[in-house]
Amino acid sequence: MKKTLALAVFTGVFAAVYLASFLNSWTWFRYYPLTGQFTMADLPRTAGPAMGWYAWIAQGVLAAAVATLLVLMLPRRWTDRAWAGLGGFLALLVVMYTFYVEWHWFQG
């Protein structure tokens, strides 16, 4: 049960952190595809558009990994009582909220 809960927590935390990073444009670094550079500083406009997607993925994975390690360190008697579907439920809520926020792209 502990491993199932850890995977569920990873899923939920990753989804929540990814969405928060996306909506608030939080990026630790940016990728400039025209120059092929990863950088923490903004480059001039001549470098082309910056991509934050790689940073959002990295931030989500890092936060989810930390949360998963914390869950794995909890005593078994605590994790056995937890609902393993919590992470999946949180991920579902994140997906539904994302559709709500981005719905304007689907309106004709």
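- Considering CD of Gln59 and OG1 of Thr27, their distance stands at 7.0 Å, rounded to 0.5 Å.
- Atom CZ of Phe89 has 12 or fewer neighbouring heavy atoms from other residues, nucleotides or ligands inside a 6.0 Å radius.
- Of the residues Trp28, Trp26, Phe22, the one that meets the side-chain contact (heavy atoms from CB on, under 4.5 Å) test with Trp56 is Phe22.
- If you take CD on Gln37 and OH on Tyr31, they are separated by 9.5 Å, rounding to the nearest 0.5 Å.
- Residue Thr68 forms a side-chain contact (heavy atoms from CB on, under 4.5 Å) with just one option from Leu70, Leu72, Val71, and that option is Leu72.
- Of all heavy-atom pairs spanning Ala67 and Val13, the tightest one is CB-CG2, 3.8 Å.
- Rounded to the nearest 0.5 Å, atoms CG (Leu23) and OH (Tyr18) are 10.0 Å apart.
- Met40 is connected to Leu62 through a chain of hydrophobic side-chain contacts under 4.5 Å among Ile, Leu, Val, Met, Phe, Trp and Tyr, so both are in one cluster.
- Grouping Ile, Leu, Val, Met, Phe, Trp and Tyr by side-chain contacts under 4.5 Å, direct or through others, leaves Leu69 on its own.
- Distance OG1/Thr46 to OH/Tyr32: 10.0 Å, rounded to 0.5 Å.
- Taking every heavy atom of both residues into account, Leu34 and Gly48 meet most closely at CD1-CA, 3.5 Å.
- Aromatic ring centroids of Trp103 and Phe106 lie under 6.0 Å apart.
- Taking the six-membered ring where the residue is Trp, Tyr100 and Tyr97 present tilted rings, their angle falling between 30° and 60°.
- The side chain to side chain donor-acceptor pair (under 3.5 Å) test applied to Thr11 returns no partner, not counting sequence neighbours.
- Remark: Trp105 engages Glu102 in a side chain to side chain donor-acceptor pair (under 3.5 Å) (not counting sequence neighbours).
- Looking at every heavy atom in both residues, Pro49 comes nearest to Pro33 through O-CD, 3.4 Å.
- No continuous path of ILVMFWY side-chain contacts below 4.5 Å connects Val17 to Phe10, so the two sit in separate hydrophobic clusters.
- Considering Val94, Val101, Val95 as possible partners of Thr98, the one that fulfils the side-chain contact (heavy atoms from CB on, under 4.5 Å) test is Val94.
- Clustering ILVMFWY residues whenever any of their side-chain heavy atoms sit less than 4.5 angstrom apart, transitively, puts Phe38 in the very cluster that holds Val61.
- Side-chain atoms of Val9 and Leu5, non-hydrogen and from C-beta on, do get closer than 4.5 Å to each other.
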